[in-house]
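These notes concern the structure reproduced below.
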Amino acid sequence: MTNFGDCVVCGVSTHLFKYGKYLCNSCDLFFRRSMTPWSFFGDCKHNWDCYKESSNRQRLPKCRHCRFNKCVDVGLLTVSRYTKLADLVEYLSLLDANREKTFLKLSISTDFDTNTFLDENPIRFIKKTSDLNFDCDEWQIMNKLSTIEMLKNLDFPKYLSSQDLRYFLKKGYFLKGILTMAMRSYLNQEEFMSFPNGVDLFPDHAREGLHINISFLNLIRCQLVGKFIELKITREEISMLGAIAVSNPAVPDLSSNGQKLLSCYQQLYTSSLLQYCLAKYQQNGPARFCNIMSVLNVANQTYDNIIKYVCLCQYYHSDMQPSKLYQSVLNQLN
Ligand SMILES: [Zn+2]
Ligand SMILES: [Zn+2]
């Protein structure tokens, strides 16, 4: 005798019992397909509740966005079922390698449209000419833009609404940008964060003025790189930690669907890092995992210190405006 039940996602009657739930064939297929690289879902046209009430589900036209959120809601997104650890590590490392290439080799044109870079993918970069020497503002712009482009290519942003995507990018790029600056310096065997070709993190006026304490600037430059050196952290570990850092659901203004999604992905990345540590360091795996996670505290302290630095600069050096282009990139991110 075959038992029937309602599909936990769409509500149709089904005899298929998968992952401890009734799940119809079509929803199972939809969810598995959603895990492969797809373009962005686009927004729901029905107020985000197509799949909320079971009575609605069959009447409303198919909405990929709400259907996916419902799948997440009922717990279909779990590590073991949809993620192979080796693939995830390779994918995150590849994203970081591509981001680094963009950062080092590309630039933006002088008529770059700062109104569109949060929404467009890929961002319109141009090849950097060999005679171009960036100052710290220009490196900052490239650090932000290459990080934003990388974040859009993580697994989950394509499932976010366009509004949530903006909130996520605005929050995520900053912490991820700090982690990647520190990683670059660390891999170059430097003990402090700086931009390529020895360009300092801070503009001349901040360093030469008397108002901002030099040891405070050094703390920002050195604290995170120092932690990396202490732990002898690897490139792969930093890539995984970066994914955990940016999938933090505590993004201001994020919708509840967005929060649920980020929280699921943060758990997924976190348990992947734990698995990775257990496989690589065996009995020392749990301790290694805790040590790597403790980097997040230091990254967040550096984050807070940079915010303090920006406030000090605005107060004491209000006459020293960054370039127009830089200001206009920043305006989009605020
Ligand atoms: Zn279904
Ligand atoms: Zn919908």
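These numbers come from the heavy atoms of this one structure, side chains and all, not from hydrogens, waters or symmetry mates. Each ligand, and each atom within it, is numbered from 1 in the order the structure gives.
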| Hey, does the Lys NZ or Arg CZ of R67 hover above the aromatic six-ring of F31, less than 6.0 Å from the centre and inside 45° of the axis? | no

| task | Look at the N, O or S atoms of H46, main chain and side chain alike, and state whether any lies under 2.8 Å from the Zn ion (ligand 2). | result | no

| remark: C44 SG to C66 SG via the Zn ion (ligand 2), rounded to 10°, gives 100°

| query | Is the distance between the ring centroids of F202 and Y309 under 6.0 Å? | reply | yes

| Do the rings of F4 and H15 sit parallel, tilted or perpendicular, given the 30° and 60° boundaries? | perpendicular

| field | Degrees at the Zn ion (ligand 1) between the SG atom of C10 and the SG atom of C24, nearest 10° | value | 110°

| message | Just checking F156 against F168, ring centres under 6.0 Å apart? | response | yes

